[in-house]
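Worksheet: the structure to be examined is printed underneath.
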Protein chains: 2
Amino acid sequence: MVDRSRRDLAAMIVPLGRALTLAELPILQAHDLTMWGYMVLLRLDAEPIRTQAALAEAVGADKTRIIGVLDDLEARGFIRRQPDPNDRRARLLSLTEGGRLARDAAQAAIQHREDEAVLARLTPADRRGFLNALKTLSQEAGESQ
Amino acid sequence: MVDRSRRDLAAMIVPLGRALTLAELPILQAHDLTMWGYMVLLRLDAEPIRTQAALAEAVGADKTRIIGVLDDLEARGFIRRQPDPNDRRARLLSLTEGGRLARDAAQAAIQHREDEAVLARLTPADRRGFLNALKTLSQEAGESQ
DNA sequence: TATTGTTATACTCTATAACTATA
DNA sequence: TATAGTTATAGAGTATAACAATA
């Protein structure tokens, strides 16, 4: 008989992630962004990136998967996609001012909702531990894929 | 300019969940279980359940999705699937002793790995807060779907 | 010959519709 | 007629393969 002091981490975290994602969708929709588009804006905001394949990997997508996403973001002026002068096969990807504004607006709404509906339900100590743990654990979780 | 004191919760949690899931797969494979099969065993361990549709919903699957899973688990003697005498349309689902042993063995291995590779990297305070928060937040995350 | 981006194709997973049996 | 389970079919999302441009 196993001492069931806790459930499996994945069994708690995966449904929680799904619920958070589901809650983001209407907010993103209100800001006229898809989840993939938003993820790309988040990633490019950190720093420009040199190839689409690298960007795709950074957001956990296939390189063929994000082409339509980039087409759309570029057409709306949210990102720049310029051939690298030093290697014209590659596309230099960066965020425009408009892209940054769109990202900020969406992210502010998302984090506001997270504060109100999620973090507010934790004690200050648990909230602090939760955020610290996520910061620590999510770092290499993203890298390992 | 947004104060980027933290990333979006979903942006941290979803990749973490994916990494945890990925790490479970080889362990489950070593115990000759699929992820869906394991999820069913976990759910049935809590208590028997009266219809397949209810079980499917409890594990976040479509009712057509788990039929093959149940076929396999039943054939290997891990679950019982008996027509309800009071309503022979429904199937009473419960865990056998063999199913419980299989679940325990897999779960012990999974949680051992989680302790070593995940929780051990947190400070005691963060670990406590993390687990408390997950317990609180995952409760209704599962219900809301 | 190798790499970047793109397009076309195939595949996996999931949900929908249609069917059988029980009520 | 309505519901539980099953099977067959269709759809969404993703990855694989093939291609054009550049190195």
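Below, read A as the first sequence line, B as the second, and so on, with proteins coming before strands; counting in each chain starts at 1.
A salt bridge does not link A:R76 with A:D71: none of the charged nitrogens is closer than 4.0 Å to a carboxylate oxygen. A salt bridge links A:E97 to A:R100: at least one charged side-chain nitrogen sits closer than 4.0 Å to a carboxylate oxygen. At a threshold of 4.0 Å, the pair B:R43-B:E57 does not count as salt-bridged, since none of the basic side-chain nitrogens sits closer than that to a carboxylate oxygen. Residues B:R88 and B:D84 are not paired through a salt bridge, judged by the lack of any N-O separation under 4.0 Å between the basic side chain and the carboxylate. Between A:R128 and B:D126 there is no salt bridge, since none of the side-chain N atoms of the basic residue sits less than 4.0 Å from a carboxylate O of the acidic one.
For the pair B:R18 CZ and D:dT14 P, the computed distance is 10 Å after rounding to whole Å. In this structure, the CG atom of A:L93 is 14 Å from the C1' atom of C:dT6, given to the nearest Å. A:I66 has its CD1 atom 13 Å from the P atom of D:dT14, to the nearest Å. As rounded to whole Å, 11 Å separates atom C1' of C:dT7 from atom NZ of A:K63. Rounded to a whole Å, the CG atom of A:L25 is 11 Å from the P atom of D:dG13. If you take CG of A:L55 and P of C:dT6, they are 12 Å apart, rounded to a whole angstrom. If you take CD of B:E57 and C1' of D:dA4, they are 14 Å apart, rounded to a whole angstrom.
Between the CZ atom of A:R127 and the CZ atom of A:R121 there is a distance of 12.0 Å, given to the nearest 0.5 Å. Expressed to the nearest 0.5 Å, how far CD of B:Q111 lies from CG of A:D8 amounts to 5.0 Å.
Within residues 67-85 of chain A, the residues approached by DNA chain C to less than 4.0 Å at the level of any non-hydrogen atom are A:I67, A:R81, in residue-number order. Contacts between residues 26-53 of chain B and DNA chain C, counted as heavy-atom distances below 4.0 Å, involve B:W36.
Between A:R65 and A:N86, the residue anchored nearer the 5' end of DNA chain D, judged by the nucleotide with its closest heavy atom, is A:R65.
Judged by distance alone, with hydrogens and angles left aside, B:R89 brings a side-chain donor or acceptor within reach of the base of D:dT3, the pair sitting under 3.5 Å.
A:D62 comes within 4.0 angstrom of a nucleotide base, judged by non-hydrogen atoms across all strands.
Other residues, nucleotides and ligands contribute at most 12 non-hydrogen atoms within 6.0 Å of the CD atom of B:Q29.
For B:T64, the side-chain atoms get nearest to D:dT7 when compared with the rest of C:dG5, D:dT7, D:dG5.
The cluster map of Ile, Leu, Val, Met, Phe, Trp and Tyr, joined by side-chain heavy atoms under 4.5 Å apart, puts B:L122 and B:L20 in the same cluster.
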